[in-house]
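Shown next, in structure tokens, is the structure this report addresses.
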Amino acid sequence: MMTLLTGLFDDMLFATVPALGFALLFNVPPKALKYCALGGALGHGSRYLLLTTGMPMEWATFAAATLVGMLGAYWARRFLAHPKVFTVAAVIPMIPGVYAYKAMIALVEISQQGYTPELWGSLLANFIKAMFIVAGLAIGLAMPGLLFYRRRPLV
């Protein structure tokens with residue numbers, strides 16, 4: 001139990017660094033920086049918890065991005081800002097850089113060494129995993145808009 005809590009704390013702490021960095025890069029107003037950091041920490045922490053329960057990375061990322069999107073919609077309404085002010089920087093730590101990198105390395109090795117089934121399998125597996133994670137991020141961020149900001153009712 002203690003290792004779960006320390007892992008969660010580390011995960012949330014280290015997720016605030018890129019969230020704050022990208023918030024600064026995107027010229028987020030100074031009053032909103034703490035909410036970007038909090039959104040990044042809560043999103044990455046919730047994904048960490050879902051991953052420890054055995055949920056696949058793609059679904060955990062989707063759920064975490066949905067949480068960040070809901071928080072961003074709430075903060076946007078509360079502080080009269082656009083939700084993207086809070087959400088874009090908060091989901092940056094969840095971008096699947098490792099899987100995209102492994103797919104690119106496999107592609108470069110295929111171009112240099114030629115086709116092998118192992119390299120092709122590595123390329124496809126990592127590319128598809130990265131694309132599903134990115135799709136989970138995009139759809140998760142869009143969920144508040146799909147659910148709350150509709151002009152017509154759902155039914």
Side-chain angles (χ1 to χ4, degrees), residues 1 4-107 121-155:
M1 181 64 171
L4 176 68
L5 290 177
T6 57
L8 177 64
F9 177 75
D10 286 347
D11 191 70
M12 291 175 75
L13 178 69
F14 291 126
T16 60
V17 175
L20 271 177
F22 276 94
L24 289 170
L25 183 68
F26 296 146
N27 292 324
V28 169
K31 291 180 181 180
L33 288 175
K34 60 185 169 192
Y35 297 103
C36 293
L38 183 61
L42 290 175
H44 215 277
S46 65
R47 183 174 82 164
Y48 177 82
L49 286 176
L50 291 172
L51 287 173
T52 58
T53 64
M55 184 178 281
M57 173 74 82
E58 300 85 356
W59 288 105
T61 303
F62 168 71
T66 302
L67 173 68
V68 170
M70 297 289 182
L71 284 172
Y74 170 73
W75 290 331
R77 186 168 291 216
R78 185 171 175 206
F79 300 115
L80 301 175
H82 197 278
K84 289 179 186 171
V85 169
F86 305 106
T87 58
V88 171
V91 298
I92 293 289
M94 291 189 278
I95 289 183
V98 171
Y99 298 110
Y101 175 76
K102 287 180 181 179
M104 291 290 292
I105 292 298
L107 183 65
S122 174
L123 169 68
L124 285 180
N126 287 308
F127 177 76
I128 290 171
K129 189 164 190 101
M131 289 303 106
F132 273 111
I133 292 171
V134 169
L137 287 172
I139 296 169
L141 281 182
M143 287 305 275
L146 295 172
L147 295 174
F148 301 131
Y149 299 120
R150 296 180 54 90
R151 301 207 190 282
R152 296 181 299 160
L154 285 172
V155 181

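One is the number of the first residue; the rest follow in order along the sequence.
At least one side-chain heavy atom of Leu146 sits under 4.5 Å from a side-chain heavy atom of Met143.
Under the side chain to side chain contact (heavy atoms under 4.5 Å, CB included) criterion, Leu33 pairs with Leu20, Ala23, Leu24, Val28, not counting sequence neighbours.
The environment of CZ in Phe26 is crowded: more than 12 heavy-atom neighbours from other residues, nucleotides or ligands sit within 6.0 Å.
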Pair up each side-chain donor or acceptor in residues 34-50 with any protein partner under 3.5 Å, not counting sequence neighbours, and list the distances.
| from | atom 1 | to | atom 2 | distance (Å) |
| --- | --- | --- | --- | --- |
| His44 | ND1 | Asp11 | OD1 | 3.0 |
| His44 | ND1 | Asp11 | OD2 | 2.7 |
| His44 | NE2 | Arg47 | NH2 | 3.4 |
| His44 | NE2 | Pro93 | O | 3.4 |
| Ser46 | OG | Leu42 | O | 3.1 |
| Ser46 | OG | Gly43 | O | 2.8 |
| Arg47 | NH1 | Thr61 | OG1 | 3.2 |
| Arg47 | NH1 | Met94 | O | 3.4 |

Give every donor-acceptor pair under 3.5 Å between a side-chain atom in residues 65-92 and any protein atom, sequence neighbours left out.
| from | atom 1 | to | atom 2 | distance (Å) |
| --- | --- | --- | --- | --- |
| Thr66 | OG1 | Phe62 | O | 2.8 |
| His82 | ND1 | Lys84 | N | 3.1 |
| Thr87 | OG1 | Pro83 | O | 3.1 |

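In this structure, Ala103 and Leu123 approach most closely via the heavy-atom pair O-CD1, 3.1 Å. Contact record, Glu58 with Ile133: CG-CG1, 4.1 Å, taken as the closest heavy-atom pair.
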